[in-house]
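Values in this document were obtained by computation on a predicted structure and should not be read as measured data. Computed over heavy atoms, backbone and side chain alike; hydrogens, waters and symmetry mates excluded.
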Amino acid sequence: MSVADVTIRRAERADLLAVVRIERACFSDPWPHDAFERLLEEPAFLVAERAGAVVGFVVADRTPNHGRDIGHVKDLAVHPDARGEGIGRTLLRSALARLRATGVAVARLEVREGNDPARSLYADEGFDPIRRVGGYYPDGEDALVLVVDLAAWADGDVG
């Protein structure tokens, strides 16, 4: 299978159970169902679907900020059986494109300092670290806060 077999679309209420199952399979401190439910209307809550099954998702929102709106990639996960196929990158790019289309100038996210695969993906897409937040995660691991200018990202002027 490849990313060519995957469709990216807006998440729907009917997708939430699959999203929560992927979240639980991927993270030691997963978000609860109601957290996803509250974010359903966000512009970049997207799912990756293959053969009728959700195999990954991204949740990103937009905050108005004096004409320079800020996007926040809150969560990104791909089912362990579907990793290594480019689905996470495709989801991230789709979310960033949707955020930019809604007027977002800059996107940010937090990533575990020790999550090398995610950090590599984000660096490839032009995200730069701006600070470390000590003890951010429930297990005490630090987070890195990363940002990307979406105009530069869209122009391919990253990395």
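A heavy-atom distance below 4.5 Å is not found between the side chains of Tyr122 and Leu144. Annotation: side chain of Val19 is not in contact with side chain of Trp31 (no heavy-atom distance under 4.5 Å). Considering only heavy atoms from C-beta on, Glu85 stays 4.5 Å or farther from Val55 through its side chain. Residues Asp69 and Thr102 form no side-chain contact, since every pair of their non-hydrogen atoms from C-beta on lies 4.5 Å or further apart. Side-chain contact between Val73 and Leu146: absent, with no pair of heavy atoms (C-beta onward) separated by less than 4.5 Å.
Across Asp142 and Gly134, no two heavy atoms sit closer than the pair OD1-CA, 3.1 Å. Nearest heavy atoms, Ala77 versus Phe27: CB-CE1, 3.7 Å. Closest of all the heavy-atom pairs between Leu46 and Ala95 is CD1-N, 3.7 Å. Contact between Arg100 and Ala151 at its shortest, heavy atoms only, is NE-CA, 3.7 Å. The nearest pair of heavy atoms linking Ala107 to Phe127 is O-CE2, 3.8 Å. Shortest non-hydrogen contact noted between Ile8 and Ala48 is CD1-CB, 3.7 Å.
Note on Leu121 and Leu91: same hydrophobic cluster, where clusters join Ile, Leu, Val, Met, Phe, Trp and Tyr whose side-chain heavy atoms are under 4.5 Å apart, directly or indirectly. Linking Ile, Leu, Val, Met, Phe, Trp and Tyr residues whenever their side-chain heavy atoms come within less than 4.5 Å leaves Val20 and Ile87 in two separate clusters. At a threshold of 4.5 Å between side-chain heavy atoms, the hydrophobic network of Ile, Leu, Val, Met, Phe, Trp and Tyr places Val6 and Leu96 in one connected group. The hydrophobic cluster containing Ile22 also contains Val59, counting ILVMFWY residues as joined when their side-chain heavy atoms lie under 4.5 angstrom apart, directly or transitively. Hydrophobic clustering of Ile, Leu, Val, Met, Phe, Trp and Tyr side chains at less than 4.5 Å, counting indirect connections, keeps Leu150 apart from Phe45.
The main-chain N or O of Asp81 is found under 3.5 Å from a side-chain atom of His79 such that the two form a donor-acceptor pair. Arg62 places no side-chain N or O within donor-acceptor distance of the main-chain N or O of Leu99, the cut-off being under 3.5 Å. Formation of a donor-acceptor pair under 3.5 Å by the Glu23 side chain with backbone atoms of Pro30 is not found in this model. A donor-acceptor contact shorter than 3.5 Å is absent between the side chain of Asp149 and the backbone of Val106. Checked by atom type and distance alone, the side chain of Ser94 pairs as donor or acceptor with a backbone atom of Thr90 at under 3.5 Å.
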Query raised in the report: Leu16 and Leu40: side chain to side chain contact (heavy atoms under 4.5 Å, CB included), yes or no, with the steps?
Result: CA-CA 9 Å; Leu16 291 180; Leu40 261 178; 3.9 Å; yes
Requested in this report: Before giving the answer on side chain to side chain contact (heavy atoms under 4.5 Å, CB included), spell out for Asp139 and Arg112 the whole-Å C-alpha distance, their side-chain angles and the decisive distance to 0.1 Å.
Outcome: CA-CA 11 Å; Asp139 63 3; Arg112 283 180 179 269; 2.9 Å; yes
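Ion pairing between a basic and an acidic side chain is recognised when a charged N comes within 4.0 Å of a carboxylate O; Asp15 and Arg10 show no such pairing. Electrostatic pairing of Arg119 and Glu113 does not count as a salt bridge here, judged by no charged N lying under 4.0 Å from a carboxylate O.
Take Asp34 and apply the side chain to side chain donor-acceptor pair (under 3.5 Å) test, not counting sequence neighbours, and it matches Arg38. When the side chain to side chain donor-acceptor pair (under 3.5 Å) test is applied to Arg93, the partners found at least two apart in sequence or on another chain are Glu125. By the side-chain contact (heavy atoms from CB on, under 4.5 Å) test, Glu42 is found to be paired with Leu39, Asp61, residues two or more places apart in sequence or in another chain being considered.
To the nearest 0.5 Å, the span separating NZ on Lys74 from CZ on Arg108 amounts to 7.0 Å. The structure places CG of Asp124 at 10.5 Å from CG of Leu92, a figure rounded to the nearest 0.5 Å. Separating the CZ atom in Arg68 from the OG1 atom in Thr63 is a distance of 14.0 Å, to the nearest 0.5 Å.
Below 30°, between 30° and 60°, or above 60°: for Phe57 and Phe36 the angle between ring planes is above 60°, a perpendicular geometry.
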